Enquirer: 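One structure, as structure tokens, below. Some questions next.
The structure presented is a predicted model; accordingly, all values stated were derived computationally and were not measured. Quick note: residue numbers are just sequence positions, from 1. Hydrogens, waters and symmetry mates play no part in the numbers below; they use all other heavy atoms, side chains included.
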Amino acid sequence: MKSVRGAAGAFLAVLLLGALILAMPASVSAKAPGRAGVWQTGASAGTASLSWQKCEGAAYYKIYYRYASQSGYHHLKDIKASGNVQKTSVKLPKAGRIYRIRVAPCRQDGKSAGDAYETECRTLPGKIGLRSQKSYATSRKMRFYWKAEESAAGYELLAADLAGQTVGRQRVEGRASAVVPDLFPQQFYRLRIRGYCRIDGKIVYGASSYTYVGQQPRLRFKWASHSAVMVSWAEVEGAADYAVYISDDPSKGFKRVKTVKERRAVVPGLNRNWRYYVYVVANMRRGKTVYATPRTHQYSFRLQIE
């Protein structure tokens, strides 16, 4: 008899629980609430766009920023409360940095209306200049190095020939160098480089910078006399002239011996059976700016006279 009563009691409890679930407010099963706190929606090199959910009781908001290890926040501006989602843009000191943003809700009397919102915020990378470049003597690849931008999630490099045709594109993340393929040694290329950030789920690019790059010329040697050698190379499209450098001890540096417009040069004053090291730099000139090919590969020879 007790077992029958126990079963009946359990059944009644299940019915009551079901009735309670049905009587619960519809908001429990409604869609998830909107984003909480403050988040970044856009950027430029010196600004950031922000949004946040309305704070009940707030008449206005105070916005502050802090950079890196700074001990305190700097006041940026106040903005009047309006709407369920507040939007504004703030000006920040420098491009390519990561800042900490603080939004403090305030009542009309200036007292706090609730907890402050905080988030990480980025300004877009500025123009990026190459630090160095490297030719690969036996391939059509070049490696480029540049100074890293703090806010950049990655970088994009695009190489085009002098007619404007894109020949290579490379995107890298986590490092400030990249190898770009398909660059032939007989011509200069226009290289565009720009950093990018990921903001609110989107890739946003910083400013583009442009330069001209080219592979280091490959050299051939022919004995010209008992104390001279002829150095030759293929013509480099876009080059105005070529500078020839030589050394008998690379650890002590190289000496420029000639600058020529032709694609060959005779280097005199050499000693028999000494080993020499040579490289040639192709120079492209655009107004007062000179763009030079790398000096990373040195060709060696020994003057041999029978």
Enquirer: Can you sort out the partners of Arg140 under salt bridge (Lys or Arg N to Asp or Glu O under 4.0 Å), two or more places apart, ordered by chain and number?
Expert: Asp182

Enquirer: Would you mind listing every ring pair (Phe, Tyr, Trp, His ring centres under 6.0 Å) that reaches into residues 176-205, with sequence neighbours excluded?
Expert: Tyr196-Tyr205

Enquirer: Taking all heavy atoms of Ser139 and all of Gln215, pick out the closest pair and write down the distance.
Expert: O-NE2, 3.7 Å

Enquirer: State, yes or no, whether a side-chain contact exists between Tyr277 and Ile246 at a heavy-atom distance under 4.5 Å.
Expert: no

Enquirer: Which distance, rounded to the nearest 0.5 Å, do you find between the OG of Ser135 and the CG of Leu183?
Expert: 9.0 Å

Enquirer: First locate atom CD of Gln133, then atom OG of Ser177, and finally report the distance between them rounded to the nearest 0.5 Å.
Expert: 13.5 Å

Enquirer: Can you check whether Leu130 reaches Leu191 side chain to side chain, under 4.5 Å on heavy atoms?
Expert: yes

Enquirer: Do Trp233 and Val244 come close enough that some side-chain heavy atom pair is under 4.5 Å?
Expert: yes

Enquirer: Would you say the side-chain atoms of Gln216 pair up with the backbone N or O of His297, donor to acceptor, closer than 3.5 Å?
Expert: yes

Enquirer: Roughly how far, to the nearest 0.5 Å, is OG of Ser151 from CZ of Arg198?
Expert: 13.0 Å

Enquirer: Among residues at least two apart in sequence or on other chains, which ones pass salt bridge (Lys or Arg N to Asp or Glu O under 4.0 Å) with Arg66?
Expert: none

Enquirer: Does the Tyr210 side chain pair with the main chain of Ile193, one donor and one acceptor, at a distance under 3.5 Å?
Expert: no

Enquirer: Report yes if the side chains of Tyr242 and Val236 come closer than 4.5 Å at any heavy-atom pair, otherwise no.
Expert: yes

Enquirer: Would you mind listing every side-chain hydrogen bond (donor to acceptor under 3.5 Å, both in side chains) that reaches into residues 254-265, with sequence neighbours excluded?
Expert: Arg256-Thr259

Enquirer: Group every Ile, Leu, Val, Met, Phe, Trp and Tyr by side-chain heavy-atom contacts under 4.5 Å, then state whether Val179 and Tyr145 land in the same group.
Expert: no

Enquirer: Tell me the salt bridge (Lys or Arg N to Asp or Glu O under 4.0 Å) pairs involving residues 223-246, sequence neighbours left out?
Expert: Asp241-Arg285

Enquirer: Mind running salt bridge (Lys or Arg N to Asp or Glu O under 4.0 Å) on Asp109 and Arg107 for me, showing each step along the way?
Expert: CA-CA 5 Å; Asp109 60 7; Arg107 299 188 320 208; 3.0 Å; yes

Enquirer: Answer yes or no: is there a side-chain heavy-atom contact under 4.5 Å between Tyr245 and Gln298?
Expert: no

Enquirer: Taking the side chain as C-beta and beyond, is there a heavy-atom pair between Gln170 and Val180 under 4.5 Å?
Expert: yes

Enquirer: The test is side-chain hydrogen bond (donor to acceptor under 3.5 Å, both in side chains); show your working for Ser247 and Asp249 and say whether it passes.
Expert: CA-CA 5 Å; Ser247 174; Asp249 185 355; 5.8 Å; no

Enquirer: Run the numbers on Ile199 and Leu124 for side chain to side chain contact (heavy atoms under 4.5 Å, CB included), then give the verdict.
Expert: CA-CA 10 Å; Ile199 297 176; Leu124 292 184; 4.3 Å; yes

Enquirer: Would a hydrophobic clustering, with Ile, Leu, Val, Met, Phe, Trp and Tyr connected at side-chain separations under 4.5 Å, put Val229 with Val280?
Expert: yes

Enquirer: Between Leu162 and Tyr212, is a side chain to side chain contact (heavy atoms under 4.5 Å, CB included) present by the stated rule, with each step listed?
Expert: CA-CA 9 Å; Leu162 299 183; Tyr212 289 94; 4.0 Å; yes

Enquirer: I need the full list of ring pair (Phe, Tyr, Trp, His ring centres under 6.0 Å) pairs touching residues 146-167, with sequence neighbours left out, sorted by first then second residue.
Expert: Trp146-Tyr155

Enquirer: Establish whether Met284 and Val213 are linked, either directly or via other cluster members, by ILVMFWY side-chain heavy-atom contacts under 4.5 Å.
Expert: no

Enquirer: By the salt bridge (Lys or Arg N to Asp or Glu O under 4.0 Å) test, which pairs, at least two apart or in different chains, include something from residues 121-131?
Expert: Glu120-Arg122

Enquirer: To the nearest 0.5 Å, how far apart are CD1 in Ile128 and CZ in Arg192?
Expert: 11.5 Å

Enquirer: Compare all side-chain heavy atoms of Phe221 with those of Ser232 and state whether any distance is below 4.5 angstrom.
Expert: no

Enquirer: With a 6.0 Å cut-off on the ring centroids, do Tyr61 and Trp52 count as close?
Expert: yes

Enquirer: Please, which pairs that meet ring pair (Phe, Tyr, Trp, His ring centres under 6.0 Å) have at least one residue in residues 68-101, sequence neighbours excluded?
Expert: Tyr64-His75, Tyr65-His74, Tyr65-Tyr99, Tyr67-Tyr99

Enquirer: For Ile79 versus Gln86, what's the shortest heavy-atom pair and its separation?
Expert: CD1-NE2, 3.7 Å

Enquirer: Could you tell me which residues satisfy salt bridge (Lys or Arg N to Asp or Glu O under 4.0 Å) with Arg194, sequence neighbours excluded, listed by chain and number?
Expert: Glu156

Enquirer: At their closest point, which heavy atom of Ala48 faces which heavy atom of Leu92, and how far apart are they?
Expert: CB-CD1, 4.0 Å

Enquirer: Do you see a donor-acceptor pair shorter than 3.5 Å between the side chains of Arg275 and Ser300?
Expert: yes

Enquirer: How far apart are the C-alpha atoms of Thr88 and Ile63, what are their side-chain angles, what is the distance that settles it, and do they pass the side chain to side chain contact (heavy atoms under 4.5 Å, CB included) test?
Expert: CA-CA 10 Å; Thr88 192; Ile63 304 175; 3.7 Å; yes

Enquirer: Considering non-hydrogen atoms only, spot the tightest contact between Gln187 and Asp161 and give its length.
Expert: NE2-CB, 3.5 Å

Enquirer: Are Ile101 and Ile98 in one and the same hydrophobic cluster, where Ile, Leu, Val, Met, Phe, Trp and Tyr link if side-chain heavy atoms are under 4.5 Å apart?
Expert: no

Enquirer: Among residues at least two apart in sequence or on other chains, which ones pass salt bridge (Lys or Arg N to Asp or Glu O under 4.0 Å) with Arg100?
Expert: Glu118

Enquirer: Can you confirm whether Gln108 is buried at CD, in the sense that more than 12 heavy atoms of other residues, nucleotides or ligands lie under 6.0 Å from that atom?
Expert: no

Enquirer: Any pair with a residue in residues 77-87 that passes salt bridge (Lys or Arg N to Asp or Glu O under 4.0 Å), sequence neighbours left out, goes on the list, sorted by first then second residue, please.
Expert: Lys62-Asp78

Enquirer: Looking at every non-hydrogen atom in both residues, tell me the closest pair between Lys141 and Tyr136 and how far apart they are.
Expert: O-CD1, 3.2 Å

Enquirer: Taking C-beta and beyond as the side chain, do Leu50 and Cys121 meet within less than 4.5 Å on heavy atoms?
Expert: yes

Enquirer: Please determine whether residues Tyr117 and Leu76 belong to a single hydrophobic cluster, defined as Ile, Leu, Val, Met, Phe, Trp and Tyr linked transitively by side-chain heavy-atom distances below 4.5 Å.
Expert: yes

Enquirer: Should the pair Trp223 and Phe301 be assigned to parallel (<30°), tilted (30 to 60°) or perpendicular (>60°) ring geometry?
Expert: tilted

Enquirer: Output side-chain donor-acceptor pairs under 3.5 Å for residues 286-295, partner residues at least two apart or in another chain, one line each.
Expert:
residue : atom : partner : partner atom : Å
Thr293  : OG1  : Ala282  : N            : 2.9
Arg295  : NH1  : Tyr279  : OH           : 3.4

Enquirer: Where is the tightest heavy-atom contact between Thr123 and Lys94, given as atom of each residue plus distance?
Expert: OG1-O, 2.8 Å

Enquirer: Is there a donor-acceptor contact under 3.5 Å from the side chain of Asn271 to the main chain of Trp274?
Expert: no

Enquirer: Take a 6.0 Å sphere around CD of Glu173 and say whether it holds more than 12 heavy atoms from other residues, nucleotides or ligands.
Expert: yes

Enquirer: Taking it one step at a time, do Val90 and Thr47 satisfy side chain to side chain contact (heavy atoms under 4.5 Å, CB included)?
Expert: CA-CA 6 Å; Val90 294; Thr47 65; over 6 Å; no

